[in-house]
Amino acid sequence: MAKALSEILADDVRAALTAVLGDAARGADPLIRPSDHADFQANGVLPLAKAVKGNPRELATRVAAVLAPAAGAAADAAGSAEAGTAAGAEDAEAAAETVPTSGVIAAVEVAGPGFLNLTLTAAALAAQAAERLGDPRLGVPPTAVGRTTVIDYSQPNIAKEMHVGHLRSTVIGDALVRLLEFDGRTVLRQNHLGDWGTQFGMLIQYLVEHPEARPARAEHSGEAAISWLTTLYRDARVLFESDTEFADRARKRVVTLQGGDEESLAAWREMVEESKRYFEDVYARLDVRLVDADAVGESFYNPYLAEVAADLEKRGVAVWSEGALCVFFEDIKGPDGDPVPLIVRKSDGGFGYAATDLAAVRYRVNTLKADQILYVVDSRQALHFRMVFEAARRAGYLPADVEAVHVQFGSVLGTDGKPFKTRAGKTVRLIELLDNAVDHAVATVEEKNPGLPAADTRAEAKVVGIGAVKYADLSTSRTKDYIFDLDRMVSLHGNTSVYLQYAHARIHSILRKLPAGTEVRVHAELALEPAERKLALHLDDFGATVAAVIENFEPHRLASYLYALAQTFSDFYENCPVLKAPTDAVRENRAALVELTGETLKLGLALLGISAPDQL
Ligand code: ARG
């Protein structure tokens, strides 16, 4: 597995700092950053000089001398453009003997108040590319083998349409699953379905009284399933609100259901199964990893709720207040200054959403052995999760070494900037929305490929349209709201998946055109053009980008990386002919960069859950 160049440099600079300063430099961060003046710069000398009360430029000069004695001298002789001080060759040689460095540095320059501008050797860039090329992981090592993440995402509600919030949770959750698995983690997907609660009394009662509410013949499409369930929900609600006797029967039905009555359970199961048919249809269209076995709905925790409530009370975490069992928090108060409680058990004896989440934490820690629990849920539930995590910590359900994170996200807005709804103000039907995206993509595919047979156009439009919906979501900073605008999403230009998918396909078309017998391989002996260097450097940053994405659960950083990669590639391809390269060696070397770019785009998109066909 290849270390990134930035990491190799960090090790080198740290070693040089230690050689110069001794223990004072141990563990210091050399702060390696991309640079406009060189391949990288190290900014870590300044804070260190301050810490040892030294002169930063002087320290930088000594470090530079250790790092690249010969190169420093060369830069001097060439009268380097920067007003930097190159290292004196003599004291450097003495020091260099005692500091083993990687040898990737071609030149070091002291700049400004004490920065180090670092230029790499072409051979180092080539070696990195060679090591990544052809490796399915692109040389990026897994860092979290043996660790277990439980991820709670998608979470639609039974007998209801999924809304765009569920779409966001599904798409973001799916990307995180792929990224965390890539990092070597065991990832346990939990689709926390809303499949329990008092509304089921009303639904079951209605279904028992109106068997004709079911569709006449067994229709098995997800669309048919959600269609009759939505009607059922609406009609049951109308009756519940207008007919007090029905409302009474519905309330009694909740009790019989919870008592395990077979007729009630059968109706409940029927609705759950029908809803799942719909969810699975949406998941299949979206091409996400969620499967039936991942559905662990709220009902699963029902048998544990009474015990959890009693336990919280026994531990003194929850107390009775106005008839309800509540957890209070020092710092959580309402606008009137009164404390806002987390309600574990309501005054009518029923358990709510919070009790279920507390039971789920226990299960995820004790039974699933999670050391990290992620909740991909919209930001409006931030307070709820804050309270659940805090209560779970106090009760000891969530030990200090288990991380719980509310991976929150913003809202989806319509082009009018208001919450995304149909013109009639209704929830947008997800299947229809995805169909629309595919329809929109047909135009894009036709524009790119006018002669394509209709069936192929349709197949490509699926890949393009669904990718576009996911990418639009994943490429915006997670916590921000974003506007659902299909025209922009399926555009061939700008930061869209369509642009990236076509860049990837173009790369394959270039590779197909290579003269027969061309070996795609790195030639380490070649000097590199600036555009080649830039591309090689960007490619080398893939692993660090993925690491940053995983660290903060921010898929949009990977999207930005891929977009910049496609642009850097485009620049390279304009400046550095591949098919018409001056020599065979240069052609092969460039072809290697082309192929590695293609592989990086493909893997990067795959980690976001987006496919990139070789031909489009
Ligand atoms: N079903 C809920 C909703 O539609 C989201 C559930 C989130 N997950 C959880 N463990 N509370 O809003």
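Atoms within a ligand are numbered from 1 in the order they appear, just like the ligands themselves.
The aromatic rings of Tyr206 and Phe246 sit perpendicular, their planes meeting at an angle over 60°, well past the 30° parallel limit. Taking the six-membered ring where the residue is Trp, Phe542 and Tyr561 present tilted rings, their angle falling between 30° and 60°. Using the six-membered ring where Trp is involved, Tyr563 and Tyr499 have ring planes that are perpendicular, over 60° apart on the 30 and 60° scheme.
With 3.5 Å as the limit, one finds no donor-acceptor pair spanning the side chains of Tyr283 and Asp294. Judged by distance alone, the side chains of Asp473 and Tyr482 do bring a donor and an acceptor atom under 3.5 Å apart.
For the pair Arg478 and Phe553, the cation does not sit on the ring face, since its NZ or CZ is not both under 6.0 Å from the ring centre and inside 45° of the axis.
Ligand 1 lies under 4.0 Å from heavy atoms of Asp152, Gln155, Asn157, His166, His192, Tyr353, Asp357, Tyr375, Val377, Gln381, Phe385.
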